[in-house]
**Q** 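Dropping a structure here in structure tokens format, bear with me for questions.
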Amino acid sequence: MSFEIKSSYPSKKKSLIRKNILDWYDINGRSDLPWKGQDIYKIWISEVMLQQTQVQSVIPYYKMFIDRYPNLESLFKASLNDVMKIWSGLGFYRRAENIYKTSIIIQEEFDGEFPKNYNDILSLPGIGRTTASAITTFSGNGRYSILDGNVKRFLSRFLSAEVDNSELNSLWELSQYLLSDTRPSDFIQAYMDIGSLVCKKSKPLCYECPVNKQCNSYPYQPSNISSKPRKIKIKEKNIWSLVVINNKGQFYLEKISYDNLWKGLYSSPVFHNQSDLMGWTESHKIKAYMESNTWKFTHKLSHIKFTFNIILCNIKYHKKVSLSDDNWYNLSDIDFGIPKYQDKIFNQYKSIYDYN
DNA sequence: CATTCGTGGGT
DNA sequence: TACCCAAGAAT
């Protein structure tokens, strides 16, 4: 892809595009999202949650998070496990780790106040170009445009250009070039709302688009809606064995220690195959308590497909087993994060044993 | 520059 | 079903 912004988009055309987008936004834009406002702390939390995560998934987590940690001061007092607990089920847990790290950095390097300068914001862990721009612009501290999935799709269709990952600089340039001088915050929201509500990845509503007359892909034909397919991900198949250990209402959980998957969360003991599990239960003297009924279920990630074989182990004589005394928890009193698969297992366990 | 990070929804 | 992919960033 190659184009010359200034020749393709003279000042007059640029002004028209800006006006049409903002006029559309004033009527159709999403102004009721719970993180709308000027509080840079809340904007930060929402923007991190929204990375690769749909709005509908984020809203309940955002409300829980802000209810528990309404400002930086309250977050400063939290532990990493506290943040991970709130994050449980939302995914991409490195984001929660980076939020915790950032809270420490802000105390130590920014005198306890969230930075308002774009480059300072960009320097924080877990904040890249798009997130830094959104935080800066939404909070009223600058005029920086974004290039998230919505804007990429919208602008590449607008140009009717195939854009691969090595040519994103041109789209960044165009995104910033079209950005409103007077209402940058509304404008980047309008970018995303158009991308999400009108210029959808399938069945775009081109007749509703405020800039369809300037769009190179209009009138709509499936063939001129260019979308560069993302890398085809190879899904591995993993069969893991997991043992749920219950000692009279206390469950044995340990910190997960695979590579970086579910890093910082806790789980029932997991093994890469059945024989490893059997060896472990034998050496820890719990094999005698294993139930005969087992079940399995699959848990799909974007790039890995898991099948879990679940074994139940109900300890009756705690003294005889050689398991650490420190790893037993009541389900109602867990103060750390667990993966979604563990949550599903506990729910299934409760239904089997009519447990609460 | 290609992978690796979760989970849920859409087609 | 199987596959894509979402307000991306780090490595």
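Note that the coordinates shown come from a computational prediction; the quantities given were computed from them, not determined experimentally. We use all heavy atoms of the structure for the numbers below, so side chains are in, but hydrogens, waters and symmetry mates are not.
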**Q** With distance as the sole criterion, do the side chain of S302(A) and the base of dG6(B) form a donor-acceptor contact below 3.5 Å?
**A** yes
**Q** Expressed as a whole number of angstroms, how long is the span from L168(A):CG to dC1(B):P?
**A** 10 Å
**Q** Give a yes/no answer on whether the side chain of K263(A) brings an N or O atom under 4.0 Å of OP1 or OP2 in dC5(B).
**A** no
**Q** Same cluster for M290(A) and L323(A) if Ile/Leu/Val/Met/Phe/Trp/Tyr side chains link at under 4.5 Å?
**A** yes
**Q** Which value, in whole Å, describes the distance between the P atoms of nucleotides dA2(C) and dC5(B)?
**A** 23 Å
**Q** Strictly below 4.0 Å: does H299(A) bring a side-chain N or O up to OP1 or OP2 of dT7(B)?
**A** yes
**Q** Which nucleotide wins on minimum distance to the side chain of K340(A), given the candidates dA9(C), dA7(C), dG8(B)?
**A** dG8(B)
**Q** Does Y93(A) place a side-chain N or O at less than 4.0 Å from the phosphate oxygens OP1/OP2 of dT7(B)?
**A** yes
**Q** State whether N150(A) places a side-chain N or O below 4.0 Å from either non-bridging phosphate oxygen (OP1 or OP2) of dA7(C).
**A** yes
**Q** Among F306(A), W240(A), W280(A), F308(A), find the one that has a ring pair (Phe, Tyr, Trp, His ring centres under 6.0 Å) with H272(A).
**A** W240(A)
**Q** Could you give the CD1-to-P distance, from I338(A) to dT7(B), as a whole number of Å?
**A** 10 Å
**Q** Ignoring hydrogens and angles, answer whether the base of dG8(B) and the side-chain atoms of T53(A) contain a donor-acceptor pair closer than 3.5 Å.
**A** no
**Q** Return whichever of K300(A) or S202(A) has its heavy-atom-nearest nucleotide of DNA chain B closer to the 5' end.
**A** K300(A)
**Q** Please give the distance between the P atoms of dA2(B) and dC5(C) as a whole number of Å.
**A** 16 Å
**Q** Just to confirm, is there a sub-4.0 Å distance from OP1 or OP2 of dT7(B) to any side-chain nitrogen or oxygen of W262(A)?
**A** yes
**Q** Would you call the rings of F336(A) and Y329(A) parallel, tilted or perpendicular if under 30° counts as parallel and over 60° as perpendicular?
**A** perpendicular
**Q** How close or far is atom P of dC5(B) from atom CE of M84(A), stated in whole angstroms?
**A** 14 Å
**Q** Please determine whether a side-chain nitrogen or oxygen atom of Q51(A) lies at a distance below 4.0 Å from atom OP1 or OP2 of dG8(C).
**A** no
**Q** How long is the line joining CE of M49(A) and P of dC5(B), in whole Å?
**A** 21 Å
**Q** Hey, is R143(A) close enough to D181(A) for a salt bridge, meaning N to O under 4.0 Å?
**A** yes
**Q** Say you pick atom P in dT1(C) and the same atom in dG6(B); how far apart are they, in whole Å?
**A** 24 Å
**Q** Base, sugar-phosphate or nothing for L261(A)? Non-hydrogen atoms, less than 4.0 Å.
**A** sugar-phosphate
**Q** Ion pair present between K19(A) and D23(A), side-chain N to carboxylate O less than 4.0 angstrom?
**A** yes
**Q** Could you state the CD-P distance from E47(A) to dA7(C), rounded to the nearest angstrom?
**A** 11 Å
**Q** Side-chain heavy atoms nearer than 4.5 Å, only ILVMFWY residues, links allowed to pass through others: does that put F76(A) and I40(A) together?
**A** yes
**Q** Looking at K85(A) and D82(A), is there a salt bridge between them, counting it only when a charged N and a carboxylate O are closer than 4.0 Å?
**A** no
**Q** Could you tell me whether the side chain of R153(A) has a donor or acceptor atom within less than 3.5 Å of a complementary atom in the base of dA6(C)?
**A** no
**Q** Starting from P on dG8(C), measure out to CD1 on I135(A) and report it in whole angstrom.
**A** 13 Å
**Q** How is I188(A) classified with respect to the nucleic acid when contacts are heavy atoms under 4.0 Å: base, sugar-phosphate, or nothing?
**A** nothing
**Q** When we call it a touch if two heavy atoms are under 4.0 Å apart, what does W87(A) touch: a base, just sugar-phosphate, or nothing?
**A** nothing
**Q** What integer distance in Å separates K203(A):NZ from dT11(B):P?
**A** 6 Å
**Q** Side-chain N or O of T131(A) less than 4.0 angstrom from OP1 or OP2 on dA9(C)?
**A** yes
**Q** Between L122(A) and K36(A), name the one whose nearest nucleotide on DNA chain C is closer to the 5' end.
**A** K36(A)
**Q** Would you mind classifying the nucleic acid contact of G195(A) as base, sugar-phosphate or nothing, using non-hydrogen atoms under 4.0 angstrom?
**A** nothing
**Q** Can you tell me whether the side chain of R94(A) and the base of dA9(C) have a donor-acceptor pair closer than 3.5 Å?
**A** yes
**Q** Grab the OH-C1' distance between Y61(A) and dG8(B) for me, whole Å please.
**A** 10 Å
**Q** Provide the distance between the two C1' atoms, one in dA7(C) and one in dC1(B), to the nearest whole Å.
**A** 23 Å
**Q** With a 4.0 Å cut-off on heavy atoms, is L33(A) in touch with a base, just the backbone sugar-phosphate, or nothing at all?
**A** base
**Q** Is Q189(A) touching bases, backbone alone, or none of the nucleic acid, heavy atoms closer than 4.0 Å?
**A** base
